[in-house]
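Report on the structure given below.
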Amino acid sequence: MPEGHTIRHCAQEHARLLVGQHLGVTSPQGRFPDAALVDGGLLVGTDAWGKHLFHEYEGERFVHVHLGIYGTFTTHPLPPPQPRPTTRMRIVGDEVAIDLVGPNTCELVDTAGRDAVFARLGPDPLRTDADPDRAWRALQRRRIPIGQALLDQTVIAGVGNVYRAEALWTHRISPLRPSNELTREEFDTLWMELTELLHKGVREQRISTRNVYKADDCPECDTPIRRWDLAGRWAYACPSCQPR
DNA sequence: TGGGCATGCGCAA
DNA sequence: TGCGCCTGCCCAT
């Protein structure tokens, strides 16, 4: 269930369980042949930016993972069960094994490759070095529905469909409002809301609020929630609380 | 048993 | 703008 909070949690957990160890890295499915190039390597750190995760091995080698919509990591105590036929990557440490299934991306990159990923991502509210001004300026430069902009990872990194729906509903902003018509105050509120929701998601390992996302009626005014296709993704909003 | 769907994204047209 | 892809699960048949 990957929005940014899931990836941040993986980075933290993998760091806690595996950093400082030489890892057995394999690809039972065979679709990550470069696993052999880091097999036995020392894991020196992990990092997350938006929905992108990096495992850094000694020698400036990074395994870049993007879970897409289906991807999952599973942690097993040793000895781990037989891998599934679809296990893209298995990492075996001193005390646990971690399996990766169904990712959009699992590739080996160098520092330049990692930086190239970072370069095309907007600020991630979960990162302490995040610069919300960059997101603000990106919204000003464009005139697209704010609901569409929030899912654009070059604007803000880590927000997915659920956090978008919940944050806009909480602050009574229609997903259809043009991005450059938000006031600075509204943007600041939205940024803070997303930051809090993401942090809460990391802590609780799930998205807890369910106000409009897939809801039938608005918890505030009982108006039926409207669902429509916004640039290829389902948008949810209360037509009464979030007027255009 | 099989179709549809899912918190995503890149690419062709 | 629409489609394909990565996988698992739920629900209808």
Side-chain angles (χ1 to χ4, degrees), chain A residues 1-11 27-35 48-54 63-76 81-90 98-107 109 113 116-122 124-126 138 142 144-145 147-170 175-176 190 193-216 225 227-237:
Chain A
M1 298 79 96
E3 293 192 23
H5 67 296
T6 306
I7 312 308
R8 168 65 48 185
H9 179 262
C10 286
S27 180
Q29 181 193 43
R31 292 190 49 192
F32 176 44
D34 283 353
W49 189 314
K51 299 167 187 170
H52 296 258
L53 173 70
F54 294 87
V63 174
H64 169 218
V65 173
H66 188 290
L67 293 177
I69 201 168
Y70 319 110
T72 51
F73 279 104
T74 313
T75 302
H76 306 282
Q82 195 72 7
R84 295 165 181 254
T86 54
T87 302
R88 184 77 55 89
M89 174 171 69
R90 166 166 281 188
I98 292 178
D99 285 345
L100 170 64
V101 172
N104 203 317
T105 302
C106 178
E107 60 176 3
V109 298
V117 174
F118 286 174
R120 59 181 158 83
L121 294 172
D124 173 355
L126 285 174
R142 308 177 190 208
I144 56 174
Q148 184 182 336
L150 290 183
L151 289 191
D152 182 339
Q153 302 297 300
T154 68
V155 175
I156 299 182
V159 176
N161 206 1
V162 179
Y163 286 136
R164 162 178 82 168
E166 297 297 327
L168 289 173
W169 178 84
T170 299
L176 294 174
L190 206 48
E193 179 72 25
L194 290 167
T195 306
E196 281 170 24
L197 288 176
L198 282 159
H199 275 293
K200 190 170 179 220
V202 176
R203 273 198 313 275
E204 301 180 358
Q205 292 185 54
R206 64 194 179 87
I207 300 180
S208 50
T209 55
R210 287 282 164 93
N211 292 307
V212 278
Y213 181 75
K214 286 189 177 172
D216 293 327
I225 294 302
R227 181 184 87 154
W228 73 99
D229 188 306
L230 177 58
R233 307 291 303 281
W234 289 119
Y236 301 82

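Residue numbering restarts at 1 for every chain, and letters A, B, ... go by the order of the sequence lines.
Across the protein-nucleic acid pair, A:F32 atom CZ and C:dC6 atom P stand 17 Å apart, rounded to whole Å. Atom C1' of nucleotide C:dT7 and atom CZ of A:R31 are separated by 11 Å, given to the nearest angstrom. Rounded to whole Å, the distance from CG on A:L67 to C1' on C:dC5 is 15 Å. If you take CD1 of A:I69 and P of B:dC5, they are 12 Å apart, rounded to a whole angstrom. The nearest whole Å value for the distance from the CD atom in A:E3 to the C1' atom in B:dC9 is 14 Å. Following rounding to the nearest Å, A:K51 (NZ) and B:dG10 (C1') show an atom-to-atom distance of 14 Å. One can place NE2 of A:H64 at 13 Å from C1' of B:dG10, the figure rounded to the nearest angstrom. In this structure, the CZ atom of A:R164 is 14 Å from the C1' atom of B:dC9, given to the nearest Å.
For C:dT7, the OP1/OP2 oxygens have a side-chain nitrogen or oxygen of A:Q29 closer than 4.0 Å. Distances shorter than 4.0 Å separate none of the side-chain N or O atoms of A:T72 from OP1 or OP2 on C:dG8. Between A:R84 and C:dG8 there is a side-chain polar atom (N or O) within less than 4.0 angstrom of OP1 or OP2. In terms of phosphate contacts, A:W234 brings no side-chain nitrogen or oxygen within less than 4.0 Å of OP1 or OP2 of B:dC5.
Side-chain contact check for A:H76 versus A:T74: some heavy-atom pair is nearer than 4.5 Å. For the pair A:H66/A:L53, no side-chain contact is recorded, criterion being any heavy-atom separation below 4.5 Å from C-beta on.
Note: A:Q29 CD to A:R84 CZ = 12.0 Å, rounded to the nearest 0.5 Å.
The residues A:D152 and A:R142 are annotated as salt-bridged, a charged nitrogen and a carboxylate oxygen being separated by less than 4.0 angstrom.
In the set C:dG8, B:dA6, B:dC9, B:dC9 carries the atom at the smallest distance from any side-chain atom of A:Q153. The side chain of A:N104 lies closest to B:dC9, out of C:dT7, B:dC9, B:dA6. Distances were taken from every side-chain heavy atom of A:V101 (C-beta onward) to each of B:dC9, C:dT7, B:dA6; the shortest belongs to C:dT7.
Taking atom P in both C:dC3 and B:dG4, one finds a spacing of 14 Å when rounded to whole Å. When the P atom is used for both B:dG10 and C:dG8, the distance is 23 Å, rounded to whole Å. A distance of about 15 Å separates the P atoms of C:dG4 and B:dG3, rounded to the whole Å.
Two residues, A:Y70 and A:R120, neighbour DNA chain B, and the one matched to the more 5' nucleotide by heavy-atom proximity is A:Y70.
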Subject >> Steps toward ring pair (Phe, Tyr, Trp, His ring centres under 6.0 Å) verdict (A:H5, A:Y163) >> reply: CA-CA 10 Å; A:H5 67 296; A:Y163 286 136; 5.3 Å; yes
